[in-house]
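Reviewing the structure listed below.
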Amino acid sequence: MSSTLFEKIINREIPADIIYEDELSIVIKDIQPQAPTHLLIIPKKVIPKLSDGLEEDKETLGHMMLVAGKVADLLNLDDTFRIVINNGAKAGQSVFHLHLHLLSGRSLNWPPG
Ligand code: 5GP
């Protein structure tokens, strides 16, 4: 099977601005930022989308949330950020390797578009 775009980034086959990495996850800058800070928190395990997550992925899924808080601290985001997961093409997902978007640095409207 061919690897996902994010696996290629994890494997350093294509470049990215890497902000943080640990054994379960990597955090990169989004190539097309939608806010002054726009990061992608990506699990190293390929789960195509959130709704494909299994009971056995509990640690990975929880870890991503904790990493979001950790990088927000590292980057001094003043506890002000939004996490988004697009699940499925109709919800805006374009890369089928689960990732959290972390957006910060501008006012964020609600409801989201
Ligand atoms: P999705 O649409 O699947 O929720 O989010 C995918 C995100 O990946 C988009 O925000 C898009 O800008 C970002 N993206 C797509 N290709 C690349 C790339 O090659 N490098 C980086 N850093 N981000 C990418």
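Whatever order the structure lists them in is the order used to number ligands and atoms, beginning at 1. Side chains are part of it too, since the values below use all heavy atoms of this structure and drop only hydrogens, waters and symmetry mates.
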Do [X] and [Y] have side chains that get closer than 4.5 Å, going by heavy atoms?
{"X": "S25", "Y": "Y20", "value": "yes"}
{"X": "I10", "Y": "T4", "value": "no"}
{"X": "I18", "Y": "R12", "value": "yes"}

Which residue and heavy atom of the protein sit nearest [atom], plus the separation:
{"atom": "atom 15 (C) of ligand 1", "value": "L5 CD2, 3.9 Å"}
{"atom": "atom 8 (O) of ligand 1", "value": "L40 CD1, 3.6 Å"}
{"atom": "atom 22 (N) of ligand 1", "value": "K29 O, 2.9 Å"}
{"atom": "atom 1 (P) of ligand 1", "value": "H99 NE2, 3.2 Å"}
{"atom": "atom 7 (C) of ligand 1", "value": "D30 OD2, 3.5 Å"}
{"atom": "atom 3 (O) of ligand 1", "value": "S94 N, 2.7 Å"}

Item to check | Atom CG of D79: over 12 foreign heavy atoms under 6.0 Å | outcome: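 At most 12 heavy atoms, drawn from other residues, nucleotides or ligands, come within 6.0 Å of this atom.
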Checklist entry - Should the pair H38 and H101 be assigned to parallel (<30°), tilted (30 to 60°) or perpendicular (>60°) ring geometry? => result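 H38 vs H101 ring planes: tilted.
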[X], any N or O under 3.5 Å of ligand 1 N or O:
{"X": "Q93", "answer": "no"}
{"X": "H38", "answer": "no"}
{"X": "V95", "answer": "yes"}

Next on the checklist: Is G92 close enough to touch ligand 1? Criterion: a residue heavy atom under 4.0 Å from a ligand atom.
Outcome noted: yes
Checklist entry - Does Q34 reach ligand 1, in the sense of a heavy atom lying below 4.0 Å from it? => result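 Q34: no contact with ligand 1 (<4.0 Å).
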Next on the checklist: So if I apply the side chain to side chain contact (heavy atoms under 4.5 Å, CB included) rule between L39 and each of L102, L100, I83, which one comes out positive?
Outcome noted: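 Of the listed options, the one satisfying the test is L102.
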Checklist entry - Between atom NZ of K45 and atom CE of M64, what is the distance when rounded to the nearest 0.5 Å? => result 12.0 Å
Next on the checklist: Working to the nearest 0.5 angstrom, can you tell me the gap between L5 CG and E7 CD?
Outcome noted: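 Between atom CG of L5 and atom CD of E7 there are 10.0 Å.
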Checklist entry - Charged N to carboxylate O below 4.0 Å: is that the case for D73 and K70? => result no
Item to check | Contact atoms of ligand 1, heavy-atom distance to Q32 under 4.0 Å | outcome: 12 (O)
Checklist entry - Considering I28, L39, I42, I31, which one's heavy-atom position lies nearest to atom 23 (N) of ligand 1? => result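 Residue with the shortest heavy-atom distance to the ligand atom: I31.
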